[in-house]
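Only this structure's heavy atoms are used, side chains among them; waters, hydrogens and symmetry mates stay out. Convention: sequence-line order gives letters A, B, ...; per-chain numbering from 1.
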Amino acid sequence: MYYALADLDSCYANAERCFRPDLKGRPVVVLSNNDGCVIARSKEAKALGIPMGIPFYQLQQRFRNGEVAVFSSNYELIYDMTGRVMKMISDAAPSFYRYSVDEAFCLLDGMDSQSLKNWGEQLHRRVLQGTGMPISTGIAQTKTLAKMASHYAKKYDGYKHCCVIDSEEKRLKALELYPIDEVWGIGRRHAARLQSYGIRTALDFALCKRDWIRLNFNVVGTRTWMELNGIDCVPNETVVKKKSICTSRSFDGMLTSIEDVRTQVSNYAAMCAEKLRRQGSVAATVGLFIDTNHFREDLPQRCAYDEERLLTPANSTATIVHTTAKLLSRIFREGYHYKRAGVIVKDITGAQAIQTNLIDYDAERHGKLTRLDTAIDCINKIYGKETVVIASRQYKVKDATGKAKVFAEAVKHDYKSKNPTTRWSDIITLK
DNA sequence: TCTGGGGTCCTAGGACCC
DNA sequence: TCTGGGGTCCTAGGACCC
């Protein structure tokens, strides 16, 4: 039994490049919300030494001379392109699960060395031809080793986008050349500690005594150790519903009035409610945090959080938005410059199994809210995101001509590409 | 001037119960 | 001088992932 990890190459950057053939072979970077930091780089941009996470303003000069193409993050585009790729991967594998936005694990059974290699190379060709997106695949007997193999598949052209670790000799060689801080499951903290003990490669780690690993790096570290030694123990995920959902943003600039902050957190609350409905869940607890800008040491700092347990678990926009507004009036203090806020919904259960509270439950009101949300979701699905929003989300500003305009969000996206992939046929699925 | 967002799991320690 | 012991549940914080 083998695991294949299929991983999109520079996913965000290549999704933009798919519709801009002129950018082929040129460095491309994609920015976080508010055009704050670099969150994705094409191979060429990496080669220029542009680091991950660097604030955009520190690189302005390089971008101004056109050396590097810049894009704001375009989630609709990513969602659509990765969806197409995942569909092709799942068609090619007997067993498949998506691990993240740009990675999927496949289980391959009864294939020999050569057919594993052929399968991976063919998958790359098919996906590239079908979607324009390059992918690389790592194949091994544990997921951690497959992940390592996929790094090799990306790094060395000789692998033709597929690296297979299928013998003891290859496993040891792969471990020996792999820095400890790049191992899946070993983060910055653990890597620093391991290095202080003289453990620099994945092989050094795999040769440690198991008891010592258990003592110093608990069960998670032990699992990684076993996987590197070829013992399959990271569980296969099935499709699990989220246990908590968070929507948070930094603002473009800072907000000082409770009204402005309420507009933003109402948006996040509504987005949380939509995410809950999309996965068919309800939440019993709603939380809200508001933070000031911790980079501004000259300004007074404040981080506040509070949460409220709902009498009856809910997914209605009205309920979540209302609760969030209540929380905001509890934690908001005048005199601070707020930079970031977020809504968290947790204690999530299936919508079918609502534990109703005998005092609070109002069947008629519940029915009305459900019908209202269904109607809003349908309209927004057909006519586009945020065609209909509830009143507290609106946000009026005057434009240059003095005319009032209504905005829903205070997030900057100056370099956002068009959405070439969104078509009517994709989004109308109403009965 | 400008500094991302969204998750999960594990553990230690406190509260509480019998 | 003396001050049980063990189990469970919850929470905060740390570490990790993409």
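Residue contacts shown for Arg223(A) are limited to sugar-phosphate atoms, with no base heavy atom under 4.0 Å away. Counting any heavy atom pair closer than 4.0 Å across all strands shown, Ser73(A) reaches no nucleic acid atom. Among the atoms of the strands shown, none is found under 4.0 Å from any heavy atom of Val101(A). Among the heavy atoms of the strands, none lies under 4.0 Å from Gln58(A). Residue contacts shown for Val183(A) are limited to sugar-phosphate atoms, with no base heavy atom under 4.0 Å away.
Candidate nucleotides dG4(B), dC18(C), dG7(B) were compared by shortest atom distance to the side chain of Lys147(A), and dC18(C) ranks first. Set against dT11(B), dG7(B), dC9(B), the side chain of Lys242(A) has dG7(B) as its closest nucleotide. Closest to the side chain of Asp102(A), out of dT3(B), dC18(C), dG4(B), is dC18(C). Of the candidates dA15(C), dC10(B), dT3(B), the closest approach to any side-chain atom of His190(A) belongs to dA15(C). Distances from the side chain of Lys243(A) to the nucleotides dC18(C), dT8(B), dG6(B) place dT8(B) closest. Listed candidates were dG4(B), dC2(B), dT8(B). Nearest to the side chain of Ser250(A) is dG4(B). When the nucleotides dC10(B), dG4(B), dG7(B) are ranked by their closest atom to the side chain of Asn218(A), dC10(B) comes out on top. Here dA15(C) is the nucleotide among dT3(B), dC18(C), dA15(C) with the atom lying nearest to any side-chain atom of Arg189(A). Comparing dG4(B), dC10(B), dG7(B) by their closest approach to the side chain of Ser32(A) singles out dG4(B). Each of dC18(C), dT3(B), dG7(B) was ranked by its minimum atom distance to the side chain of Ile245(A); first place goes to dG7(B).
Under the side chain to side chain contact (heavy atoms under 4.5 Å, CB included) test applied with Ile245(A), the options Arg278(A), Lys346(A), Lys275(A) reduce to a single match, Lys275(A).
Residue order along DNA chain B, read from the 5' end via each residue's closest nucleotide, puts Met254(A) first among Met254(A) and Lys275(A). Both Val219(A) and Pro55(A) lie close to DNA chain B; mapped to their nearest nucleotides by heavy-atom distance, the more 5′-ward contact belongs to Pro55(A).
When rounded to the nearest whole Å, the span between CG of Asp181(A) and P of dC16(C) equals 11 Å. As a whole-Å value, the separation of Tyr75(A) OH from dG6(B) P is 8 Å. Atoms CG (Asp35(A)) and C1' (dG4(B)) sit 11 Å apart, rounded to a whole Å. The interatomic distance linking Phe56(A) (CZ) with dG5(B) (C1') rounds to 19 Å, in whole Å. Rounded to an integer number of Å, the gap from OH of Tyr99(A) to P of dC17(C) is 8 Å. For the pair Ile344(A) CD1 and dT8(B) P, the computed distance is 11 Å after rounding to whole Å. Atom C1' of nucleotide dC10(B) and atom CD1 of Ile186(A) are separated by 15 Å, given to the nearest angstrom. What separates CG of Leu31(A) from P of dC2(B) is a distance of 16 Å, to the nearest Å.
Contact between the side-chain N/O atoms of Ser244(A) and the OP1/OP2 oxygens of dT8(B) is found at a separation under 4.0 Å. An OP1 or OP2 oxygen of dG6(B) is reached within less than 4.0 angstrom by a side-chain nitrogen or oxygen of Arg249(A). When the side-chain nitrogen and oxygen atoms of Lys412(A) are compared with OP1 and OP2 of dC2(B), none of them lie within a distance under 4.0 Å.
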Taking Watson-Crick and G-U wobble pairs with both distances under 3.5 Å, convert DNA chain B into its dot-bracket string, 5' to 3', dots for unpaired and | for cross-strand pairs.
....||||||||||||||

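Once rounded to the nearest 0.5 Å, the distance linking OG of Ser150(A) with CG of Asp9(A) reads 9.0 Å.
Scored by the side chain to side chain donor-acceptor pair (under 3.5 Å) test, Asn14(A) finds Arg17(A) as partners (sequence neighbours excluded). The side chain to side chain donor-acceptor pair (under 3.5 Å) search around Ser100(A) returns Asp102(A), Glu103(A), not counting sequence neighbours. With sequence neighbours excluded, the residues forming a side chain to side chain donor-acceptor pair (under 3.5 Å) with Tyr305(A) are Glu307(A), listed by chain and number.
Looking at Ser73(A) and His413(A), their side chains come closer than 4.5 Å, going by heavy atoms from C-beta outward.
The stretch residues 319-332 of chain A participates, sequence neighbours left out, in these salt bridge (charged side-chain N to carboxylate O under 4.0 Å, His left out) pairs: Asp306(A)-Arg330(A), Glu308(A)-Lys326(A), Glu308(A)-Arg330(A). Within the structure, the ring pair (Phe, Tyr, Trp, His ring centres under 6.0 Å) test picks out the following pairs touching residues 316-347 of chain A (sequence neighbours left out): Phe332(A)-Tyr338(A).
Rounded to the nearest Å, the gap between the C1' atom of dG4(C) and that of dC17(B) is 14 Å.
Remark: the Asn33(A) side chain and the Lys412(A) side chain contain no N/O donor-acceptor pair separated by less than 3.5 Å.
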